[in-house]
Peer 1: 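Below is the structure I would like to discuss, written out as structure tokens.
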Amino acid sequence: MSLLVVGLSHETAPLEVLERIAQRPEAVEGLREQVLRAQDVAESMVLATCNRVEIVAEVDRFHGAVSDIAEAVAHASGYSRRDVTELLYVHYDERAVHHLFSMTCGLNSMALGEPQVLGQVREALGHAQRAGSVGALLNPLVQHALKVGKRAHAETDLDAVARSLVQRGLDLLSPGMPALTQARTVVVGAGAMAGLATSTVRATSSADLMIINRDPAKSAALADRHGASSGLWGDLALHLASADLVISCTGATQPVITQDVVAAALDGRGQGRALAFLDLSMPADVEPSVEALPGVRRVGLADLHEHHRDAGTDSHVAQVLDEVRDVVTAEVAAYLMSRRAKAVAPTVAALRSRAGAVVQSEMDRLSRRLPAMDERENAEIHQAMARVVDKLLHTPTVRAKELYDANGPEDYARMLRELFDLDPHDTVAVATPPVAGTGDLS
């Protein structure tokens, strides 16, 4: 069994390809079902967002699984198998673990360090758990990935990287816009990115800050945390009419601020008063066509990505990203060490089981030859023989756990089986819990 990640992202595929899957719930569900039915796939989890569509799977055969998954993605998207295959990226085993951990930290997102990805991975895992499509490999692996993401946000300044994205957007919009200390700012959304945007704006002592979200309880909670006011979703157009800056990050699958809505809002404004939009959503919350309206400017994630690339990487951002990559590297090593130790453990257990059987066989033979031996003597001899065996096996079992990294767990396990003439089926029996009602459970 091996780990495989196959996917499409904003870095490899046009947005319309991703939207053909991520924005259609029936396509996502069909993808999940087709992947799980694939002959070479044992476990699977599907992550479908506006930025990426990824399949994480435990597979029996690499080529067969990649072929089946590519076919499933093509079917879900409605594109041809050949067209989709050219857009896919594939990661295998250790590279798959590294990719999953990096992705969960937000290192592969258009908005670097975005905190939303943690919730997206958690939601994908929950769906897979309810569907029974993850088991002994993927369940702990994705749980570990979530732990890595939380650690990256807690132990580094990763949230500042996302905040710097907001700040870059504000810097690009600042010409022609009132200073934030005088600007009326409306934040549309109440998720993690909206929280970062709100804290970034509030840090400039914005005089007038309002939060609007479809769920009024969430907008009120975010507003209370930052000393802002909250508005009703139904009054969005009204609040746009009096705003200087609108930051939108709802995660909706369709634009929530259209050209028609903005045009209507402009009718109630004074002549020459600019209206700036910072769109932090993918796909866009704000229709790009709003820039055709007089006095309206819009900056989206694609603009920020391009500006960041042209301007070069900020030194603090670079340092933080290096720190996060160090966390990922350490966690990948820890996970692989744990997985390899588990791989060799059944062979070590089989070796000790064989030794215990030899001791018991010799004790039975001794009891037949010395029938007058009482229970106390029998126990003393049995304990002495067990201590001898334990001391003889101590070094090879410790070395088995130490040397797996140099030789690979399967190589070292195979050497142990050959050296001690262990039946491979014995290790399977040790590693697999007995099924109730099929025999001795002791």
Peer 1: Keeping the roles fixed (side chain from S199, backbone from G195), state whether a donor-acceptor pair exists under 3.5 Å.
Peer 2: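 Yes, S199 side chain to G195 backbone: donor-acceptor pair under 3.5 Å.
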
Peer 1: Would you name the heavy atoms of A263 and L293 that are closest together and state the gap between them?
Peer 2: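 Taking every non-hydrogen atom into account, N-CD1, 3.7 Å.
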
Peer 1: So, N108 and S102: side-chain donor and acceptor under 3.5 Å apart, yes or no?
Peer 2: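 Distance-only check fails for N108 and S102.
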
Peer 1: Salt-bridged, E331 to R151, with N to O below 4.0 Å?
Peer 2: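 Salt bridge present between E331 and R151.
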
Peer 1: Do the charged groups of D40 and R61 touch, with an N to O distance under 4.0 Å?
Peer 2: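 Judged by the 4.0 Å cut-off on N to carboxylate O distance, D40 and R61 do form a salt bridge.
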
Peer 1: S248 and D285: side-chain donor and acceptor closer than 3.5 Å?
Peer 2: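 Indeed, the side chains of S248 and D285 share at least one donor-acceptor pair under 3.5 Å.
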
Peer 1: Distance alone, cut at 3.5 Å: any donor-acceptor contact between the side chains of S67 and R81?
Peer 2: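 Yes, side-chain donor-acceptor contact under 3.5 Å.
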
Peer 1: How close do T104 and A145 get, counting heavy atoms only, and between which atoms?
Peer 2: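 Shortest heavy-atom separation between T104 and A145 comes out as CG2-O, 3.4 Å.
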
Peer 1: Would you name the heavy atoms of L209 and V187 that are closest together and state the gap between them?
Peer 2: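 Scanning both residues completely, I find the closest heavy atoms to be CD1-CG2, 4.0 Å.
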
Peer 1: Just verifying a value: how many Å separate T200 OG1 and M193 CE, rounded to the nearest 0.5 Å?
Peer 2: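 T200 OG1 to M193 CE: 9.5 Å, rounded to 0.5 Å.
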
Peer 1: Begin from the C-alpha positions of V41 and D68 and carry the test side chain to side chain contact (heavy atoms under 4.5 Å, CB included) through to its verdict.
Peer 2: CA-CA 9 Å; V41 174; D68 288 343; 5.6 Å; no

Peer 1: Is there a side-chain contact between V134 and V142 in this structure, where contact means two heavy atoms from C-beta onward sitting under 4.5 Å apart?
Peer 2: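 Of all side-chain heavy-atom pairs linking V142 with V134, none is under 4.5 Å.
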
Peer 1: Determine the minimum heavy-atom distance between L158 and G113, stating which atoms define it.
Peer 2: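 The pair with the smallest heavy-atom distance is CD1-CA, 3.7 Å.
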
Peer 1: Charged N to carboxylate O below 4.0 Å: is that the case for E11 and R52?
Peer 2: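 Looking at R52 together with E11, the answer is no, because their closest N to O distance does not fall below 4.0 Å.
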
Peer 1: Please tell me whether E16 and Y79 have a donor and an acceptor in their side chains that are separated by less than 3.5 angstrom.
Peer 2: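 Y79 and E16 do not have a side-chain donor-acceptor pair below 3.5 Å.
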
Peer 1: Any side-chain heavy-atom pair from F277 and I257 closer than 4.5 angstrom?
Peer 2: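 Yes, at least one pair of side-chain atoms sits under 4.5 Å.
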
Peer 1: May I ask you to test the L278-L173 pair for a side-chain heavy-atom distance under 4.5 Å?
Peer 2: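 Yes, their side chains come closer than 4.5 Å.
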
Peer 1: Using a strict threshold of under 4.0 Å (side-chain N to carboxylate O), is an ion pair present between R325 and D322?
Peer 2: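 Judged by the 4.0 Å cut-off on N to carboxylate O distance, D322 and R325 do form a salt bridge.
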
Peer 1: Run the side chain to side chain contact (heavy atoms under 4.5 Å, CB included) check on I212 and V186 step by step: do they pass?
Peer 2: CA-CA 7 Å; I212 298 177; V186 174; 3.8 Å; yes

Peer 1: Give, for atom OG of S133 and atom NE2 of H127, the distance between the pair rounded to the nearest 0.5 Å.
Peer 2: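 That separation rounds to 8.0 Å.
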
Peer 1: Count the heavy atoms of every other residue, nucleotide or ligand shown that sit under 6.0 Å from CD of Q143, and state whether that count exceeds 12.
Peer 2: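 Yes - once you tally the heavy atoms of other residues, nucleotides and ligands closer than 6.0 Å, there are more than 12.
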
Peer 1: With side chains defined as the heavy atoms from C-beta onward, is the minimum distance between I211 and S229 less than 4.5 Å?
Peer 2: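 Side-chain contact under 4.5 Å: no.
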
Peer 1: Do I21 and V28 touch side chain to side chain, with heavy atoms closer than 4.5 Å?
Peer 2: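 Yes, at least one pair of side-chain atoms sits under 4.5 Å.
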
Peer 1: Answer yes or no: is there a donor N or O on one side and an acceptor on the other, between the side chain of N139 and the main chain of A136, under 3.5 Å?
Peer 2: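 No, because the side chain of N139 does not come within donor-acceptor range (under 3.5 Å) of the backbone of A136.
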
Peer 1: Rounded to the nearest 0.5 Å, what separation is found between the OG1 atom of T185 and the CG atom of L245?
Peer 2: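 One finds 4.5 Å between OG1 of T185 and CG of L245.
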
Peer 1: Which value, rounded to the nearest 0.5 Å, describes the distance between Y335 atom OH and H144 atom NE2?
Peer 2: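 Answer rounded to 0.5 Å: 8.5 Å.
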
Peer 1: Work out which heavy atom in S219 is nearest to a heavy atom in G231; give both atom names and the distance.
Peer 2: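 Heavy-atom minimum between the residues: OG-O, 4.2 Å.
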
Peer 1: Find the distance between CG (L47) and CE (M103) and round it off to the nearest 0.5 Å.
Peer 2: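 L47 atom CG to M103 atom CE measures 5.0 Å (nearest 0.5 Å).
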
Peer 1: Does a sphere of radius 6.0 Å around NE2 in H75 hold more than 12 heavy atoms from other residues, nucleotides or ligands, not counting ones at 6.0 Å or beyond?
Peer 2: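 Not more than 12 within 6.0 Å, no.
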
Peer 1: Do L31 and V53 have side chains that approach each other closer than 4.5 Å (heavy atoms only, starting at C-beta)?
Peer 2: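 Yes; the side chains approach each other to less than 4.5 Å.
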
Peer 1: Just by distance, do the side chain of R95 and the backbone of L4 share a donor-acceptor pair under 3.5 Å?
Peer 2: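 Side chain of R95 to backbone of L4: no pair is present.
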
Peer 1: Using the ring centroid of each side chain, check whether H99 and F101 are separated by less than 6.0 Å.
Peer 2: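 No, the ring of H99 stays outside the 6.0 Å limit from the ring of F101, centre to centre.
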
Peer 1: Quick check: closest heavy atoms across A197 and I247, and the distance to 0.1 Å?
Peer 2: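 Between these two residues, the closest heavy atoms are CB-CG2, 3.9 Å.
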
Peer 1: So, R32 and S44: side-chain donor and acceptor under 3.5 Å apart, yes or no?
Peer 2: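 There is no such pair (donor and acceptor under 3.5 Å, judged by atom type) between the side chains of R32 and S44.
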
Peer 1: Is it true that E287 and T258 share a donor-acceptor pair across their side chains at a distance under 3.5 Å?
Peer 2: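 Side-chain D/A pair, T258 to E287: absent.
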
Peer 1: Give a yes-or-no answer on whether the side chains of S80 and D83 include a donor-acceptor pair shorter than 3.5 Å.
Peer 2: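 Per modelled atom types, S80 and D83 side chains form a pair under 3.5 Å.
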
Peer 1: Using a 3.5 Å distance criterion without hydrogens, assess whether the side chain of T156 forms a donor-acceptor pair with backbone atoms of H153.
Peer 2: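 Not a single qualifying donor-acceptor pair exists.
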
Peer 1: Could you check M45 against L125 for side chain to side chain contact (heavy atoms under 4.5 Å, CB included), going step by step and ending with a plain yes or no?
Peer 2: CA-CA 7 Å; M45 181 189 83; L125 176 61; 4.1 Å; yes

Peer 1: Between R202 (side chain only) and H226 (backbone N and O only), is there a donor and an acceptor less than 3.5 Å apart?
Peer 2: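 Yes: the side chain of R202 pairs with the backbone of H226.
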
Peer 1: Could you go through V246 and H239, starting from their C-alpha distance and side-chain angles, then the distance that decides it, and tell me whether this counts as side chain to side chain contact (heavy atoms under 4.5 Å, CB included)?
Peer 2: CA-CA 10 Å; V246 178; H239 294 300; over 6 Å; no

Peer 1: How about Y89 and S9: does a side-chain donor come under 3.5 Å of a side-chain acceptor?
Peer 2: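 Judged by distance alone, the side chains do not pair up.
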
Peer 1: Quick one: does D93's side chain get under 4.5 Å of F62's, heavy atoms only?
Peer 2: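 The answer is no; the side chains never approach within 4.5 Å.
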
Peer 1: If you round to the nearest 0.5 Å, how far is OG of S230 from CG of N213?
Peer 2: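 Nearest 0.5 Å value for the CG-OG distance: 10.0 Å.
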
Peer 1: Does the R297 side chain pair with the main chain of L172, one donor and one acceptor, at a distance under 3.5 Å?
Peer 2: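 Side chain of R297 to backbone of L172: a pair is present.
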
Peer 1: Please tell me if the side chains of L3 and E58 come closer than 4.5 Å, counting only heavy atoms from C-beta onward.
Peer 2: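 No, too far: nothing below the 4.5 Å cut-off.
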
